[in-house]
Amino acid sequence: MNQPDKPVRHLTRELGVPGATVLGLGSMLGSGVFLSIGLGVGVVGPAVVLAIAVAAAVAACNALSSAQLAANHPRSGGSYEYGYIYLGHVAGFAAGWTFLLAKSASAATAALAFAGYLAHALGLAAGWHVPLALLTVAALTLLVLGGLRRSTAVVLVLLTIALAALIYFVVGGAPAAWARGAENYRPFLDPLAHDGLPGLGAFFHATALMFVAYTGYGRIATMGEEVRQPRRTIPRAIIATVAASMVIYLAVSLVGVGSVGAEFYYRATIDDHAPLGVIAEALGLPGGRWVLALGALAALLMVLLNLILGLSRVVLAMARRHDLPPGLARLSPRGHGPTAATLFVGAAMALLALSGNVRATWSFSAFAVLIYYAITNLAALRIPRQRRLYPWPIAAAGLAACIFLAFWVEARYWMAGLAMLGLGLAWQLLARRLYGPGSFVHQD
């Protein structure tokens, strides 16, 4: 005979607009600015600056959809929960599963990039990359287990360091970019043939890669159960993070490509995993190698910290509905965090960090996260008219853009993504037989 489920304990609401914005920016200003711009440069050359702007427009549509969904349903799990509410259990599970796939791959990228910057600064061999990445994931998992307040304070310190380093790079490199930009930006739409796509195909591929760099705002939505006054706080924090990150990405890409050229930028990304540090050193910026290394390490620590926070909340929501083993829904004694889910996420990140290929992990993440946000926009289209915050064409535009861009990622990665999605849906069928549907009902 089935035993009745225990009463569900809820997370403490302790985040306002500043705290939520800090977590959003902490999730954005990491791999995106310190690594992935170089991957985009390798696909489309100098036109990466336009890809960044177009990706920001797509992200803005998705951000507004996420904001109004999260404001109406402030709960842990983000689009996993919204899919269940508006689209049914299959779409809901697909959203949660693709989020886990996408952000686990992003976490692996960030961990490896962290190791690359640290190894470059210290002059260590590439063989140190994986051990350093594993140690970093373990340390941050323990930090998150210490509680959200402690983690948010650390993110604020790391964000300050990262912003200072980026300002140093932009200001210090601007004269060289101004002097050499006319040469380094010709021809503008010039794919470097690293993905085999010509012209617009390469541009759409680069846009898909750059889109991933904006998706840190989703961390605010997935932590909706911990936000005060969610209908006011969540939209403001999400919109602020997208706007601020776009300005920073454009400034860094304009200076980086303009000062050293697209080929140099790409090679520094692939060979060293530390493009901004290599560029600063090449430009002869005083202490540039160490300043950019410190900023990158701080930023990548932020990314990993926020990915652990966000992913653990999605695992928590999925375990509550029995889409993952129910034991992963256990909270800490004071309700400040999901202990079992956090440990699970840390272990998954450590496993994926063994891959060692940042281009592969970032590309796979791009496909999975675009599918995730396609489901997000589809759910936003189902919000009742009287509860909408924004006009429905915004969600429709986001939906169309996500589906279109997803299949401009290299075929091997979107095919792998579809295969993993199929395996996930098969697991859901098995889980519902093993555990039955979860009885968790959230009171918004």
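Keep in mind that this is a model prediction, so the values were computed, not measured.
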What residue among Gln428, His89, Glu81 forms side chain to side chain donor-acceptor pair (under 3.5 Å) with Arg321?
Glu81

Taking every non-hydrogen atom, the tightest pair across Leu381 and Ala395
CD2-CB, 3.7 Å

Test applied, side chain to side chain donor-acceptor pair (under 3.5 Å); reference residue, Tyr80; option that passes from Thr376, Asp323, Thr98
Asp323

Shortest non-hydrogen contact from Val255 toward Val170
CG2-O, 3.8 Å

Measuring from atom CD1 of Ile248 to atom CZ of Phe169, what distance do you get when rounded to the nearest 0.5 angstrom?
13.5 Å

Taking all non-hydrogen atoms of both residues, which atom of Leu101 and which atom of Ala368 are closest, and how far apart?
CB-CB, 4.3 Å

With sequence neighbours left out, write down each residue that passes ring-ring contact (aromatic ring centres under 6.0 Å, His included) with Tyr413, or none if nothing qualifies.
none

For Arg388 and Arg382 the tightest heavy-atom approach is NH2-N, 4.3 Å

Closest non-hydrogen atom pair between Asn357 and Ala360, with its separation:
OD1-N, 3.0 Å

What verdict does the side chain to side chain contact (heavy atoms under 4.5 Å, CB included) test give for Val44 and His205, after you've listed the backbone C-alpha separation in whole Å, the side-chain angles of each residue and the deciding distance to 0.1 Å?
CA-CA 8 Å; Val44 78; His205 180 190; over 6 Å; no

Compare every heavy atom of Ser253 with every heavy atom of Val49, then report the nearest pair and how far apart it is.
CG1-OG, 3.3 Å

Which side-chain N or O atoms in residues 109-130 pair as donor and acceptor under 3.5 Å with protein atoms at least two apart or in another chain?
from   : atom 1 : to     : atom 2 : distance (Å)
Thr109 : OG1    : Ala105 : O      : 3.0
Thr109 : OG1    : Thr361 : OG1    : 2.5
Tyr117 : OH     : Phe34  : O      : 2.8
Tyr117 : OH     : Leu276 : N      : 3.3

For the ring pair Phe407 and Phe367, is the centre-to-centre distance below 6.0 Å?
yes

